[in-house]
Amino acid sequence: MQQYFSQMLGVPVLDATGEEIGKVNDLGIATGEVFPRVTSLAFKGPGAEPFMISWRKYVDSLDDDGLHLKVPAGEIRFSYLQPEEVLIARDLLNHQIVDTRGLKVVRVNDLKLSQSGTNQIRLLGAEVGARGILRSLSVHLEKAVLKIARLFHHEIPEKIIAWSYMDLLDKQLKDVQLSVSHKTLEQMHPADIADIIEKLDPRLRSQVFAQLDVARAADAMAELDEDQAAEIMHDMDANEASRMLSEMNPDDAAELVSELDYEKAETLLRMMGVKEERAIRQLLGYKEDTAGRIMTSEFLALNPEKTVADAIVAVKQAERDEAEMTNYLYLVDDEKKLKGVLSLRQLLVNKDSDKLSSIMEKELITCNPDTDQEDVAENISKYNLLALPVVQEDGKLVGIVTVDDALDVLEEEHEEDLQLAGAHASGDNDRRDGPSELQWILTNQLWFFFWAIGAFLLGLLAICFHLPSGTFLSIIALPVALLMGDAMINSVTNFYIEHDSDDEDKPSLVGFALKGLSGAFIFMLLMVLIVLGLSGLVTGSSILSTALPFIDCGFLTAAIVSLLLYACAPLYLRVLYIRDENGKDTSRTTMRIITFLLAVALFIVLACVLCQIPALLGFMG
C-alpha cells in the first residue's frame, strides 16, 4: 500500500492499551539503502513534548485508527538517530535537493512511502510537482483541483524522483550515505555541477562545495559565472579557498582572483604556495582583455633536438601530472624561444628515433601577450586550433590560450552585444564583508604569536639561569626583528615572482644579497642612533634609567638579528629556485614560520649574551 508522508503527519500514536499518547511529527529513515526503510518514529506527546523511539522495537502496526505501539506508554524508552539516519520532515521536506538523473535542482513538496505488512514502511522517492504542494495544504484541495483539471481534459501527473537519484545539499548531512546505487555530485561532470549550483539558492551554494573534494570543487568553480564564483569564494574559509585556487588552472585562478576585493585576494594569494602565487600574479600583471590575462602558463615544451620517443615519455608524464593541454607539443630552444609545434598525431605516425626538429611545424600562428583577447579567440576559431601560443617580442614562449578560454571570450562578446541591444540587464554585483578578524590576524599578524612565544622562552631562561633582572625587558624589541624577517620573506618572494630562474635580465644573487644587507645595515645604524639618543635623554637614578639599558640591548639585538636574517635571503631564494626546477611548490606561510622561529632563537641567544656584558656597551655603564 502506498501513501504520502503528509498524510502521516498528525496521525495518533496509540500505546498497547489503546491510549493516545501523541501525534506523529516525523519519521527517521536509514539512508544507505535503495529504498530506505523507516527506522525511527518522532512524535509529540502531552504538552508538545518531543519523543524519538525505535520503529522496529516499539511500532506494531499502522491502520486507519492510527499508529499502534507494542508496549504501554510507561515502557517506552527514548532513542537517538544513528549517523546514517535522517529525519524526513526536518531534513528533506521543503528542502532543495539535486535530481542527479535530470541534473537539476528541485524542491521536495512531499515524499512517497510504501507500506509492506503491518509495520514496515519504506521511502520510494520525493514528490516535486504541484500535487505535492496541494496535498500538503489539504488532501481535499488536491482532489478538487484534479477533478477540475479533468473537466478540461488535463491531467496533473505525479512528479516523483526516486531516492536513488536524490542528493542532499544540507551541509550537516554531507557525510550521509544516500544510496548504494545512485550517481552523486562527486561523479558528475564539473560543468553539470556548475549548472546545478547556478540554480541553487545562494545560501546553499557553499554547501554543495563542502561535499566535493578540492580537485572536483576547483573544476566546478572554473565553470561558474565569474560573479557567482567570486561570491562563493568570498564566503568560503580562507584556507579552503586558497587550496581550491591552488588546484585551479592559473588562468582560471587569475580570472577569479581579479573579481575578489583586494584584501581577500591578497590574503588568499599569500596563503598559496609561492610557485602558484607567482603564476597567478604574472597573469594578473597583464592588461585586462588581453591574451596575457587569459593564457595559461602550463604547457608542454621540449627542445627540438629531442626524439619522438623522448616526447612520448614527456606526454605521458604530463598526463600523470594532469597538465591542462597536451594536444600540442611546443619546441623551444635553451632561451625558451618558440621554434615549432607538433600535434600528438604527428608523434604517433613518426619513428621513435626521429628528431622533433625534423618533423615539427615551423609556420606558426602566434600572438603577443598584449593582443586583444577577442582577436585571439577569432584566430583560434578561424584556424581551427585547440591552443594558440603566446610569445613575447623576443620570441620567448610565455603561455598558451586554449580553445575553452577562447569560447568563453566569444560568449562574453556575444552577451555584450546583447546588452548593447538591450536584450538583458546586468546582474547584481554586491560585495561581501572581508575575512574574519581571527583569520586576518593569523594571516597578517603571525609575528604577534611568535613574539608571545619569545617572551615566554626568554622569561623562562631568565629564571632558570638567573640572568640580570632586566633581561626580560629586551623582549620589547623582538617585534622589530620579526617584522624585518617578514619584510625579508616578502623581498625574496617578490624577486622570485618577478624573475624566472633562467631570466637573463634578472639581478644576480650577489646583487640581491648586497641590496638587502645594505638596507638591513642602514636599519641597524638607525637603531644604534635611536638607542644612543634615548640613553642621552635619561639621567639620574629613575626607574626608566635603570630599565633603559636592557631596552637598548633589545633594540641592538633586533638590529643584529635583522642583519643576519637578510644575510640568509640568497639561501631562501636559491631553495625556491631549486624546488621550482624539481616541480615542487613552497608555502609562503611555511617560509614565514621558519624565519620567525630563527629570529626568535637568534634574538634570545644574543639578548642573553649582550645583557650580561654591559662593559662592552659604553652607554650601559
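Just so you know, these numbers use all the heavy atoms, side chains as well, and skip hydrogens, waters and symmetry mates.
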Minimum heavy-atom separation for [X] to [Y], with atom names?
X: M236; Y: M221; result: SD-CE, 4.1 Å
X: C367; Y: V376; result: SG-CG2, 3.9 Å
X: L482; Y: A599; result: CD2-CB, 3.9 Å
X: E298; Y: I400; result: O-CD1, 4.0 Å
X: L364; Y: K339; result: CD1-C, 4.2 Å
X: P369; Y: Y286; result: CB-CE2, 3.4 Å

Can you tell which of L331, L338, V390, T366 makes a side chain to side chain contact (heavy atoms under 4.5 Å, CB included) with L397? L338
Separation between [atom1] of [X] and [atom2] of [Y], rounded to the nearest 0.5 Å:
X: E361; Y: L329; atom1: CD; atom2: CG; value: 13.5 Å
X: L256; Y: D251; atom1: CG; atom2: CG; value: 11.5 Å
X: I380; Y: E378; atom1: CD1; atom2: CD; value: 11.0 Å
X: K336; Y: K396; atom1: NZ; atom2: NZ; value: 8.0 Å
X: S246; Y: K275; atom1: OG; atom2: NZ; value: 12.0 Å
X: M272; Y: E247; atom1: CE; atom2: CD; value: 10.0 Å

Do [X] and [Y] come within less than 4.5 Å of each other through their side chains, counting heavy atoms only?
X: M591; Y: V274; answer: yes
X: V409; Y: D405; answer: no
X: P304; Y: K355; answer: no
X: L245; Y: L269; answer: no
X: N368; Y: V391; answer: no
X: L388; Y: Y383; answer: no
X: M244; Y: M233; answer: yes
X: V575; Y: R579; answer: yes

Looking only at atom types and distance, does a side-chain atom of [X] sit under 3.5 Å from a main-chain N or O of [Y], one as donor and one as acceptor?
X: D252; Y: N249; answer: no
X: N303; Y: K306; answer: no
X: T267; Y: E263; answer: yes
X: S562; Y: A558; answer: yes
X: S491; Y: A487; answer: no
X: Q346; Y: S343; answer: yes
X: D310; Y: T307; answer: yes
X: S258; Y: E255; answer: yes

Do the ring planes of Y577 and F495 sit parallel (below 30°), tilted (30 to 60°) or perpendicular (above 60°)? perpendicular
Walk me through whether D237 and R243 qualify under side chain to side chain contact (heavy atoms under 4.5 Å, CB included). CA-CA 10 Å; D237 172 75; R243 287 197 301 272; 5.6 Å; no
Could you tell me whether R592 and D486 make a salt bridge, using a distance below 4.0 angstrom between a side-chain N and a carboxylate O? yes
Check against side chain to side chain contact (heavy atoms under 4.5 Å, CB included), D394 and E335: CA-CA 10 Å; D394 59 0; E335 297 178 351; over 6 Å; no
CA sep, side-chain torsions, deciding dist, call: L268, V257, side chain to side chain contact (heavy atoms under 4.5 Å, CB included): CA-CA 9 Å; L268 297 184; V257 168; 6.0 Å; no
What do the steps show when you test T586 against Y496 for side chain to side chain donor-acceptor pair (under 3.5 Å), and what is the final call? CA-CA 11 Å; T586 307; Y496 170 80; over 6 Å; no
Derivation and outcome, side chain to side chain contact (heavy atoms under 4.5 Å, CB included), residues I453 and F596: CA-CA 10 Å; I453 292 172; F596 288 159; over 6 Å; no
